[in-house]
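Structure, as structure tokens:
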Amino acid sequence: MVQEFDKVGVVGLGTMGAGIAEVFARAGFNVVGVEIDQAALDRGRGHVDKSLSRAVSKGKLTEEERSAIESRLTFSTSREDLSDADFVIEAVPERMEIKRDLFSDLDRICPPGTILATNTSSLSVTEIAALTDRPEKVVGLHFFNPAPVMKLAEVITTVSTSPETVDVVTEVAKRIGKTPITIGDRGGFVANALLVPYINDGIRLYERGIATREEIDESVKKAAGLPMGPLTLADLVGLDICLAVMDVLWEEFRDPRYSASPLLRRMVTAGRLGRKTGQGFYGGKDEAPEPQR
Ligand code: 3HC
């Protein structure tokens, strides 16, 4: 089934989309990466170049392998170039009006058999599927940052997803070297329902002045062996994404554990979104001020 599954479209080449495009090209799929304009496309290509260069410089990839991967990657600013894609995954910004516009285009442009996937972490996959005339062929395929490194892929099904679609996407996830878990469409899915409240708790400790950001992050690294602490992780994931996931969990479950920290909300309002804006809990002179202790 997946052998015939040759051309993959990736729409949106920000940090996540570029990582996803790289992962598919590395696994032997022909990938077309689509962005909204030339500047965004150049940035997306830059993300992939940087990641491949890092792998070459670390001796994890030969120059020949790099060239082969690059030969499988094409870039475009036109969604029409997805007209012969077997599978399309999107990682565009997390706003329903953007997804609405995209999925209505994809539904029109792609052949009826094309599976459409979303990498959303906070929007309802069911709602996205309902934007199309092929809800049985729409799934969530949720990657983790950095996408080339993190092994989990959540396959999110809706009440409309067909078993065939789930089988194909699960097999694809394995083909690209990920460990898939198949789950229903619920706030936070599984990994973010665990990780994001933990990040929120870290922010609360910081907000209350219980410990410095470094103490909070180091505690988790040294006590539990995690690769990074909650505030560093928040900066990596993006504070806007953390907040969106918290709000979805709160909306769905109304559990106080899922109430976003006021500081998280204020940081997002101020446009301090973490690494992607250069300002988060860390970030030179613009990092969040230490609260009084
Ligand atoms: N792109 C590609 N490869 C990368 C990378 C990137 N952005 N960042 C790191 N790597 C690779 C390195 O090349 C290296 O590869 P190697 O082992 O083959 O040499 C490996 O990852 C380790 O990197 P480093 O040695 O440079 O640095 P660290 O050991 O500190 O690892 C890390 C960096 C992989 C980011 C590690 O700190 C980590 O695992 N952090 C936790 C990340 C995490 O929890 N992600 C999930 C967030 S939740 C999410 O994304 C869901 C969303 O919906 C919000």
Side-chain angles (χ1 to χ4, degrees), residues 12-27 43-62 65-66 69 89-95 99 117-125 128 140-156 176-181 183 185-200 202-203 217-218 220-222 224-249 260 264 268 273-276 280-282:
L13 298 173
T15 313
M16 291 306 292
I20 293 168
E22 178 188 334
V23 166
F24 274 96
R26 276 180 179 246
R43 278 195 300 276
R45 194 195 295 250
H47 290 311
V48 178
D49 282 351
K50 191 172 160 197
S51 184
L52 292 177
S53 298
R54 183 207 303 242
V56 170
S57 69
K58 286 191 159 191
K60 305 274 176 180
L61 204 63
T62 64
E65 287 165 335
R66 179 198 180 125
I69 293 166
I89 176 162
E90 67 81 17
V92 301
E94 290 279 75
R95 297 220 310 272
K99 310 275 186 194
T118 172
N119 180 55
T120 187
S121 45
S122 60
L123 299 175
S124 158
V125 179
I128 291 172
L141 183 59
H142 185 218
F143 290 83
F144 294 84
N145 190 353
V149 180
M150 308 315 282
K151 289 290 175 209
L152 184 68
E154 291 174 322
V155 178
I156 296 114
I176 59 174
K178 301 299 179 193
T179 304
I181 57 163
I183 46 179
D185 185 21
R186 68 185 289 288
F189 312 135
V190 168
N192 278 345
L194 293 166
L195 276 175
V196 176
Y198 148 78
I199 288 173
N200 193 51
I203 299 171
D217 280 349
E218 282 303 301
V220 177
K221 286 171 69 177
K222 299 272 160 58
L226 296 186
M228 45 174 63
L231 303 179
T232 308
L233 186 56
D235 279 357
L236 175 77
V237 166
L239 272 57
D240 52 339
I241 302 294
C242 293
L243 180 60
V245 174
M246 282 305 288
D247 283 346
V248 161
L249 286 166
L264 173 60
V268 172
L273 307 183
R275 287 192 193 175
K276 64 181 146 188
F281 288 100
Y282 298 90

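What you see is a predicted model; the values in this text were computed from it and never measured. Counting convention: from 1, in listed order, for ligands and their atoms alike.
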How about Ile156 and Ile183: do any of their side-chain heavy atoms sit closer than 4.5 Å? yes

Those residues at least two apart in sequence (or on a different chain) that pass ring pair (Phe, Tyr, Trp, His ring centres under 6.0 Å) with Phe143 are none

Any pair with a residue in residues 228-242 that passes side chain to side chain donor-acceptor pair (under 3.5 Å), sequence neighbours left out, goes on the list, sorted by first then second residue, please. Asp217-Thr232, Asp240-Lys276

For ligand 1, what is the set of protein residues having any non-hydrogen atom at a distance below 4.0 Å? Ser51, Arg54, Lys58, Lys60, Ser121, His142, Phe144, Asn145, Pro146, Pro148, Val149, Met150, Asn192, Leu195, Pro227, Met228, Leu233, Leu236, Val237, Ile241

Side chain to side chain donor-acceptor pair (under 3.5 Å) pairs touching residues 143-152, sequence neighbours excluded, are none

Can you tell me if Glu154 uses its side chain to pair, donor with acceptor, with the backbone of Phe189 under 3.5 Å? no

Taking the side chain from Glu94 and the backbone from Ser121, do they hold a donor-acceptor pair closer than 3.5 Å? yes

